[in-house]
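One structure is given here, and the rest of the page talks about it.
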Amino acid sequence: MTAVAVVLMRDLFAVVMLTGIYSLLSASFFVVFDAVDVAFTEAAVGAGISTLLMLSTLTLTGRYAKESTQKPWLALAIVTVTGALLIYGTLDMPTIGSASAPIHQHVAPRYLNDSMQEIAVPNVVTSVLASYRGYDTLGESFVIFTAGIGVLALLMVLQRRRASDVDAHGPMHQHLILRIVAKILIPLILLFALYVQFHGDYGPGGGFQAGVIFAAAIILYSMLFGLSAARQTISQPLIFALSAVGVLLYGGVGVACMLLGGNYLDYDALAEDPVAGQHLGILLVELGVGITVASVMIIIFFTFNGRSLSERGRRR
Amino acid sequence: MIAHLPILQVVIPLLAAPLCMVVRIPRLAWTIALLASSGAFAISLLLLQTVLETGTVSYLLGGWPSPWGIEYRIDQLNAYVLLLVTSLGTIVLFSAPTSLGQELPADRHPLFCTAYLLCLAGLLGVTATGDVFNLFVFLELSSLSSYTLIALGSDRRALTAAYRYLIMGTIGATFILIGIGLMYMTTGTLNMYDLAQRLPEMSQPRTLLTAFAFFVTGVCLKLALFPLHQWLPNAYAHAPSVVTAFLAATATKVAIYVLVRFVYSIFGTEFSFSTMPLQTIFLIAALLGIFICSVSAIYQSNVKHIFAYSSVAQIGYMILAFSFGTATGLIAMLLHLFNHALMKGALFLAVGAVIYRVGSSQLQDFSGMGRHMPWTMAAIVAAGLSLIGVPLSVGFVSKWYLVVAALEQDMWPIAVLVLLGSLLAIAYVWRLVEVAYYQQADNAHVDVQEAPISLLIPIWTLVAANVYFGIDTRLTVGVSEMATRALFGAGP
Amino acid sequence: MNVLGLYNYWVVMVLMMLGFYIVISQGNLIKKIIGLSIFQASVFILYISMAKVAGGTAPILDESISTYSNPLPHVLILTAIVVGVATTALGLALVVRIRESYGTIEEDEIQAQDEEA
């Protein structure tokens, strides 16, 4: 399988590509196993964003890994013991797909049976994600926000000199056809992102996936028209502010619920009719997630590439 | 509003974090951060009071009944840990602007405050939650922000230390995730209380055993139990001083809390200590940790390294007390959890103050500081005495309970070993004292002044706490005893 | 006990351990991070596997369908994927900084430089 090749290869570029393929394969596995939302995310994140990030890193660090000189025996021993323990643990597991397994008996049925009356959103994953376990998702959007903060704190370049001195055009500026195609494509991608954002109630999708797609459109734009052009279109302080606005919107919905007399994130309190309140709440928090994810992804990408530009500028 | 205390505890620092980032003015960001963390401190006091008066408090997030929604569940044990985390977090943050002044360019201070608050909120979230997956999410929140905080150190070795911590920490987190997955698979629930009810009825011992093993290993990575501690010394040594003080006082403590919660409240003592050889493993790892790391501490040339190794050794004491599996052992451990946070908070802040003036953490550069910085060095000596376990300090109280717990089990060799460990602590504290008081300052450092008052106040607050809680043990011992009684009562 | 029914879990475990092996055995900092993401992605597969119900479909409610797979693990994994990518981004940012200040991303060379200092 692909994973084996990853161990053996020394060309990091190929390794990254293989990892992307691994992600895509697992995404298709998720589809087979009915997890369409997860598949969507894994494809966008594992195969898309992670690969892109790793490639950005490679341009900064160089492509080839050294031959590993460490003795792998200790590592091998640890892995074997852990793996054996895992296999031992599987011996008691219910077989895959058996409906009588405890996992399908205790908590899950309520989501499937009652969520239609309580929340009236056909996509159960969305209702569990945004309402039943909405607090986890709040934590999740803060985790991605933290990653944005971390990348900024580590890589932010003090912009004394204007970046445009170094890079007038994107790496693919010369391809006229690409640029024309992209000009048509980017608005479509943005539209698609909006569709995914607001259609998460009925089909797979939601704030997170939409945010990633939205960010992808912007990143594509910056690849074709240059980072400085992209930065002119979307100013950096604006994105910083937006990433905070996203998480604050999510957290704020929770506080609003509290002020209106419910518990934290109890959307029932948002409107007269609990179901309408749930709808409003889910819509708002998904929007918050979308805004945060998109802006953090853009921040991360811009910071990585801004770094490589200033590096190049310094070397000249 | 009282009913909403459990969630406000976490959400106030959580929501203040993005605000800090938006304002972008260092002073203002710090003020917001300080307000938020003092707010959290006030809430934790109120919460502890409420819990002591009315018993366990439960808060249903989103209004969904557990186990369908996520529940916050505060009992004596986590109210105690919440108080510890918020108080230390606030006191340490107080000294941040001065101490960071030299280590970090001013334009990154708002980012620092954001990451600090996120880390604080993450730790509080881990402590307050009653849901295992929510615990994972907030654990990662606190871990990611602490990687960032460590990487902000001025030395380039801070980067490699943070990277190594990231790799080890993420392995730990993934192990925890596997453990949670297997637990969910056997029981079908994620709520801790519900898990505790359902686990004894489950008929899949092998899966459960694997779940337990993975979870405990993951947590031990996070709490730096010997020999899984390799990430800790460098991370503590090269992080900015404020961060070292904060993480040393809180992060590992919260991981230990998670261990107690799972072993006692969820799996129950019977499963943890009879079915699993946990007792023996922990006993051996703890003793090895105490001795190897205390000896390593003696041979370090960097003061932050000395106390970082000492931290691993002290974690050894806590796990040792834990491994007895008795009520007295648990009380000793909870006491040491709190007391060690006070000592190491004071020590690392004071060491940070010397670094602030001298610009280096090498032992040699501390020479003569006993005369140049009398208040700071006196604080180090006082906290060091507490670390050794001298009477009238908190260190004595926890060592006392530890020895009593060992003797109760007729394990007198262990009691002797604990006292031997204290001798090693004398050795490494003495090295610092000797250099600081009996050697002349280097020529480069002859005009070093006493640390600024904004650093001395938090340091001496913590030193005073070291003495106060060493004499008046009503709060710490009282709450530890109550929490222990509740844990042993709740066990199956 | 149906051995065939567990076959899928075993494949997942092997993948997991491959990822784990990459993390602890490789000296290249980027490869370690790649190993981590493979390790995590395999854990995701484990969760999704346990959510499957034979004959069920994706948990999007519809009048005409009666069996669904369990939605809860899907939700958990959505969260975990995000946590994973956040970790990857932060790790890579660290790698970039390490490369800038050490000039290498091989663990042993970095260690050698630190010992000189």
Most heavy-atom pairs under 4.5 angstrom with chain A, which of C:Val83, C:Thr88, C:Ile77?
C:Val83
For A:Ile300, which atoms come within 4.5 Å of any heavy atom of chain C: side chain, backbone, both, or neither?
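When you check distances to chain C, only side chain atoms of A:Ile300 fall under 4.5 Å.
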Verdict with supporting geometry, A:Val143 and C:Val82, side-chain contact (heavy atoms from CB on, under 4.5 Å)
CA-CA 8 Å; A:Val143 169; C:Val82 179; 5.7 Å; no
What distance do [X] atom [atom1] and [Y] atom [atom2] have between them, rounded to the nearest 0.5 Å?
{"X": "C:Gln40", "Y": "C:Ile45", "atom1": "CD", "atom2": "CD1", "answer": "12.5 Å"}
{"X": "A:Leu155", "Y": "C:Leu90", "atom1": "CG", "atom2": "CG", "answer": "9.5 Å"}
{"X": "A:Phe208", "Y": "A:Glu140", "atom1": "CZ", "atom2": "CD", "answer": "6.5 Å"}

Segment of [X] engaging chain A (4.5 angstrom heavy-atom cut-off):
{"X": "C:Thr87", "result": "neither"}
{"X": "C:Ile30", "result": "side chain"}
{"X": "C:Leu29", "result": "neither"}
{"X": "C:Thr79", "result": "both"}

Are any non-hydrogen side-chain atoms of A:Met297 and A:Ile144 less than 4.5 angstrom apart?
yes
